[in-house]
Peer 1: 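One structure coming up, written as structure tokens, with questions to follow.
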Amino acid sequence: MVYHKTIPTVFLFVFVTLYFVISSDAATFTVRNNCPYVVWAAANAPGKPGGGRRLGQGETWNFNSDPGTTQARVWGRTNCNFDGAGNGGCQTGDCNGKLVCQSYGRSPNTLAEYSLKQYADQDFINLSVIDGFNIPMEFSSASGQCTRKIRCAGDIIAQCPSQLRMDGGCNGPCPVLKTEEHCCNSGKCGPTPLSMFFKQRCPDVYSYPKDDPTSVFTCPSGTNYNVIFCP
Ligand SMILES: *[C@@H]1O[C@H](CO)[C@@H](O)[C@H](O)[C@H]1NC(C)=O
């Protein structure tokens with residue numbers, strides 16, 4: 001009767017080992033709303049379960065993200081209404097009318113973007129206003145080995161150039177004007193007066209498609225992160 005006991009034990013060992021291999025490196029994201037208004041926080045990465053949560057002033061939401069996650073985004077939505085089943089919509093950042101996002105949001109939305117455990121075991125993080133700006137944000141490491149803090153908290157909405165103004169936000173030049181100059185599908189383009197409007201107020205943000213040298217930051221994989229609305 002020995003093997004009745006040993007087979008489950010082997011499986012248990014495998015699961016426990018797998019659990020530690022997977023979870024030891026997962027990054028914890030703490031999303032906090034410091035705005036004096038409600039923000040419906042959202043997170044999505046292609047092929048991963050999405051997320052979304054209503055955050056009153058001072059409330060936080062924690063979630064984990066696996067190593068190897070790419071093209072992930074955290075953003076905030078404003079002026080939302082959802083029914084009991086989580087269907088409805090938002091003025092900015094809406095993700096197909098769902099409380100729990102399974103897709104990216106609609107511009108304008110300020111984005112905290114990340115890819116975990118990529119080249120040389122680094123996490124790549126950035127704050128992007130390519131899809132516009134709806135809420136001031138900070139994206140920072142919550143672990144001692146990386147002290148990076150990226151912030152975009154300028155008065156972007158009030159000063160927004162007239163052609164980018166939208167209800168609840170200041171949209172990005174590409175989503176509004178849809179021209180090669182702003183969208184850069186060819187991969188060859190530079191800053192424009194409209195992208196510089198954002199960059200002057202938020203020097204660390206990703207403000208146009210080739211803005212990498214001043215807007216991509218790395219932390220060692222295993223770092224945990226804070227995302228703060230209205231830092
Ligand atoms: C910002 O991060 C996202 C996710 O890692 C990535 O897809 C995007 O290319 C990054 N932006 C830049 C300028 O590298």
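Both counts, for ligands and for their atoms, begin at 1 and track the order of listing.
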Peer 1: With respect to the side-chain SG atoms, do C152 and C202 come within less than 2.5 Å?
Peer 2: yes
Peer 1: I'd like to know whether the aromatic ring centres of Y114 and F29 sit less than 6.0 Å apart in this structure.
Peer 2: yes
Peer 1: Can you give me a line-by-line list of nitrogen or oxygen pairs between ligand 1 and the protein shorter than 3.5 Å?
Peer 2:
{"from": "ligand 1", "atom 1": "2 (O)", "to": "N126", "atom 2": "ND2", "distance (Å)": "2.3"}
{"from": "ligand 1", "atom 1": "5 (O)", "to": "S115", "atom 2": "N", "distance (Å)": "3.2"}
{"from": "ligand 1", "atom 1": "5 (O)", "to": "S115", "atom 2": "OG", "distance (Å)": "2.6"}
{"from": "ligand 1", "atom 1": "11 (N)", "to": "N126", "atom 2": "ND2", "distance (Å)": "3.0"}

Peer 1: Please determine if R73 and D131 form a salt bridge, counting it only when a charged side-chain N lies under 4.0 Å from a carboxylate O.
Peer 2: yes
Peer 1: Can you check whether Y225 and F139 have ring centres sitting under 6.0 Å from each other?
Peer 2: yes
Peer 1: Going by the rule side-chain contact (heavy atoms from CB on, under 4.5 Å), which residues pair with C80 if we only count those two or more places apart in sequence or in a different chain?
Peer 2: W40, R77, F82, C90
Peer 1: Check K117 against P67 and note the closest heavy-atom contact, atom names and distance.
Peer 2: CD-CB, 3.5 Å
